[in-house]
Structures are given as C-alpha cells and as structure tokens.
Visitor: 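Can you read through this structure? Questions will come right after.
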Amino acid sequence: EFGDGRFALEGFALRAGPERIEADLSQTPRGLRGRLIVEKVDLGRLPRVFVPAALGVGGGVDLDAHLAGSPADPQLDAKLSLAGGRFRGYRDLSLALDAHYAAARARGHLDVRGLDTAIATRFDLPAAWPIRDRHAPLLLDLTLAETDLGATMKAVAAASGQPLPAHLRGRAHLTAHLDGTLEDPRLAFAIDTKALVVEGQAIGDVQLAFHGDGDRPLAARLQVTASGAHTVIDLKTPLSLRAALRHPPTPETLARTPIEVRGDVDRLPLTVLAQLARTAAPVGGTLSAHIAISGTALDPRGTLTADVA
C-alpha cells in the first residue's frame with residue numbers, strides 16, 4: 001500500500017530450495033522500518049535477461065540488511081557476502097561487507113579476494129561530499145596484500161575479456177591510511193614493489209611513499225634499487241593535504257603549482273641504460289647523477305650534474 005507519504009511492503013518472500021529472499025518495508029512521514037534477507041542465492045541461476053550467459057557469472061550471495069530511522073535521518077545496517085564468485089571464467093571471487101550508516105556517516109569494513117590478489121578496507125567517514133563539518137573525524141585504511149603482478153594482470157585480462165593493459169611482473173604490496181579531520185587531515189600512502197619488470201624491461205625494487213599532514217607541504221619519495229645502484233627522488237609542493245581536500249585542485253591548477261624535485265643516482269650500471277634503450281652496442285661503467293628541478297610543470301627550471309666512471 002502507498003499514498004500520503006506512506007508505503008508498506010509486508011511478507012514478501014521467494015523460496016527455491018535453500019535459496020531465500022524476504023523483504024518487509026514500511027515508510028511514514030516520520031519513520032522507516034525495513035529488512036531484506038537474501039540467503040544462498042546463486043547468481044548463476046539469475047534470469048539471462050538480467051545476466052547474459054556469456055559473462056559466466058556465478059557464486060552464492062547472502063545479504064542481511066536492516067533499515068530504521070526516518071526519511072530525513074535513515075539508518076542502515078548491512079552484511080553482504082559473496083562466496084565462490086565467478087566471472088568470465090575466473091573463479092574463487094569473494095567479498096565480505098559489514099557496513100553501518102547513520103547520522104550521515106558510513107563505517108565498516110570491506111574485504112575482497114580474487115584475480116590473484118586481496119584488498120582489505122576499513123572506513124569511518126562522512127557519507128556526504130563535500131564534507132560540511134570540518135571537524136568530523138576521518139578514518140580510512142586500505143591494504144593490498146602482497147600480489148603477483150604478472151598473475152593479476154593475466155587474471156584481469158581474462159575477467160575483462162580485454163588485452164593486458166600493461167605487461168608487468170614482480171610482487172607488490174600497498175597500504176594507505178587517512179585519519180584526522182578535514183581541518184587537520186593526515187595521509188600516508190606506500191607501495192613496495194620487488195623485482196619489477198615493465199614491458200620486458202627489468203626495473204628493480206621500487207618504493208613509492210606519499211605523505212600529507214594538515215597544512216604542511218605534500219611530499220613524496222621514489223626509491224629504485226637495481227643492479228647495485230640506488231636512485232632516490234624527492235618531490236615537494238606547497239600544496240597541502242588540507243587545501244587539496246577542501247578545494248580539490250583541477251589539472252590546470254596543478255600545472256601552475258610550484259614543485260621542487262631533488263634526485264640522486266648512485267653508480268647505475270650503463271648496461272642497464274643500454275637495455276632500456278634497447279641498444280646492442282657494448283657499454284661499460286657506471287653513472288652517478290644529481291638532479292634539481294623547481295618551478296611549475298608549465299615552467300620548470302633545473303640543473304643536472306652527472307659523473308660517468
């Protein structure tokens with residue numbers, strides 16, 4: 001029944017063997033109440049008009065969702081899981097979500113496994129953007145488990161039905177942490193890659209770290225270790241994390257933002273550069289260099305000193 005700002009759905013139920021879908025929902029101008037239960041529903045048995053057979057979709061879905069509060073201030077608790085998921089011939093996909101929404105905030109955790117990798121996320125964030133309360137707490141943790149890049153890229157290609165976006169090999173691990181408030185945010189991002197190979201070219205061990213803390217300048221560091229050589233590049237900009245979150249910069253703004261880059265290369269074998277240049281000419285020796293760049297992306301200025309031994 002519905003009308004005059006009221007809606008009610010009671011006792012809706014579908015059953016087929018162990019599969020079950022049940023729903024109850026009522027809405028009045030002052031209140032919300034509802035529950036949706038999905039139990040052991042096999043995605044592979046959904047009507048083909050909704051899920052084409054060519055996608056090879058499958059897996060068991062469970063959902064337990066509760067709705068309360070009012071239309072102006074809804075509250076939602078939901079637990080969602082996918083087990084034994086399949087898509088385009090790729091198997092063993094899984095998902096687990098435990099989320100709560102109330103007072104315009106979303107909190108919970110999400111774990112996803114598949115395509116030869118796993119991602120774990122924990123969050124407690126304002127649900128509306130842009131954030132109105134500058135003192136509202138922020139919390140976001142994201143972890144990418146150590147991942148075989150070659151296997152994952154092949155799995156992505158198989159699942160998407162598209163050619164590999166890039167030929168990568170090596171192992172990678174990623175972490176990201178955001179906390180504080182919009183007035184005083186803190187962000188730490190790090191990716192650590194071992195034995196990275198890009199398009200058949202050995203790069204080495206690569207580490208990238210990015211830090212932001214309130215009104216302090218954003219900073220990043222790139223480190224590459226290969227064939228006994230060590231390269232370090234530091235980048236700083238007066239742009240702060242606080243300013244970036246409150247007023248996200250456009251590409252045009254970033255192009256005009258001052259930057260400062262300092263880098264050192266320590267005893268890089270010239271044979272490595274020859275391999276990157278795909279030249280068969282015999283070379284020997286090492287390269288050490290220092291680079292210093294300032295200005296903007298539109299008007300960079302800098303110096304480079306090099307020593308070949």
Side-chain angles (χ1 to χ4, degrees), residues 5-9 21-39 41 61-83 85 93-114 117-145 174-191 209-216 218 239-250 253:
R6 299 174 181 271
F7 175 85
L9 173 67
I21 299 177
E22 296 182 358
D24 289 281
L25 175 64
S26 66
Q27 175 181 325
T28 69
R30 295 185 177 181
L32 285 174
R33 180 186 62 81
R35 186 178 187 189
L36 174 62
I37 297 176
V38 177
E39 187 174 292
V41 170
V61 171
D62 290 273
L63 170 66
D64 189 353
H66 296 259
L67 180 65
S70 67
D73 185 21
Q75 301 173 17
L76 176 66
D77 288 282
K79 292 184 178 181
L80 171 68
S81 67
L82 168 68
L93 304 175
S94 68
L95 176 150
L97 171 68
D98 190 342
H100 174 73
Y101 173 87
R105 292 188 64 84
R107 59 179 173 84
H109 62 81
L110 171 65
D111 297 311
V112 180
R113 292 181 177 273
T117 189
I119 298 175
T121 305
R122 184 168 60 102
F123 55 90
D124 187 352
L125 299 165
W129 190 270
I131 301 172
R132 296 180 180 179
D133 183 359
R134 296 179 179 177
H135 299 283
L138 307 173
L139 176 63
L140 176 64
D141 277 309
L142 185 149
T143 301
L144 173 71
L174 180 150
T175 61
H177 177 80
L178 172 69
D179 66 13
T181 66
L182 189 64
E183 191 71 19
D184 186 23
R186 293 177 296 274
L187 173 66
F189 171 91
I191 182 168
F210 177 88
H211 297 280
D213 189 350
D215 277 331
R216 297 179 181 178
L218 292 172
L239 180 66
S240 69
L241 180 62
R242 176 186 176 188
L245 289 178
R246 292 177 62 179
H247 303 288
T250 64
T253 300

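These values consider heavy atoms only, across backbone and side chains, with no hydrogens, waters or symmetry-generated copies. Given the structure is predicted, the values throughout are model-derived calculations rather than measurements.
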Visitor: So, using salt bridge (charged side-chain N to carboxylate O under 4.0 Å, His left out) as the criterion, who are the partners of Arg105 when residues are at least two apart?
Guide: Asp124
Visitor: To the nearest 0.5 Å, what is the distance between CG on Asp141 and OG1 on Thr121?
Guide: 9.0 Å
Visitor: Could you tell me if the side chain of Leu241 sits less than 4.5 Å from the side chain of Leu218, heavy atoms only?
Guide: yes
Visitor: Report yes if the side chains of Leu142 and Leu174 come closer than 4.5 Å at any heavy-atom pair, otherwise no.
Guide: yes
Visitor: Compare every heavy atom of Ala120 with every heavy atom of Asp111, then report the nearest pair and how far apart it is.
Guide: OD1-CB, 3.3 Å
Visitor: Please examine the side chains of Asp133 and Pro126, heavy atoms only from C-beta on, and report whether any two atoms are closer than 4.5 Å.
Guide: no
Visitor: Might you confirm whether atom CZ of Arg246 has over 12 heavy atoms from other residues, nucleotides or ligands at distances under 6.0 Å?
Guide: yes
Visitor: Please determine whether a side-chain nitrogen of the Lys or Arg among Asp64 and Arg35 lies less than 4.0 Å from a carboxylate oxygen of the Asp or Glu.
Guide: yes
Visitor: To the nearest 0.5 Å, tell me how far His66 NE2 sits from Leu36 CG.
Guide: 9.5 Å
Visitor: Where do Thr28 and Arg6 come nearest, in terms of heavy atoms and distance?
Guide: CG2-NH1, 3.5 Å
Visitor: In chain order, what residues pass the salt bridge (charged side-chain N to carboxylate O under 4.0 Å, His left out) check against Arg113, with sequence neighbours excluded?
Guide: none
Visitor: Could you grab the distance from atom CD1 of Ile37 to atom NZ of Lys79, nearest 0.5 Å is fine?
Guide: 12.5 Å
Visitor: Would you indicate whether the side-chain heavy atoms of Leu140 and Leu187 approach each other to under 4.5 Å?
Guide: no
Visitor: Are side-chain heavy atoms of Pro185 and Arg242 found at a separation under 4.5 Å?
Guide: yes
Visitor: Would you compute the distance between atom CG of Asp62 and atom CG of Leu80 and round it to the nearest 0.5 angstrom?
Guide: 8.5 Å
Visitor: Do His177 and Asp179 get their side chains close enough for a donor-acceptor pair, meaning under 3.5 Å?
Guide: yes
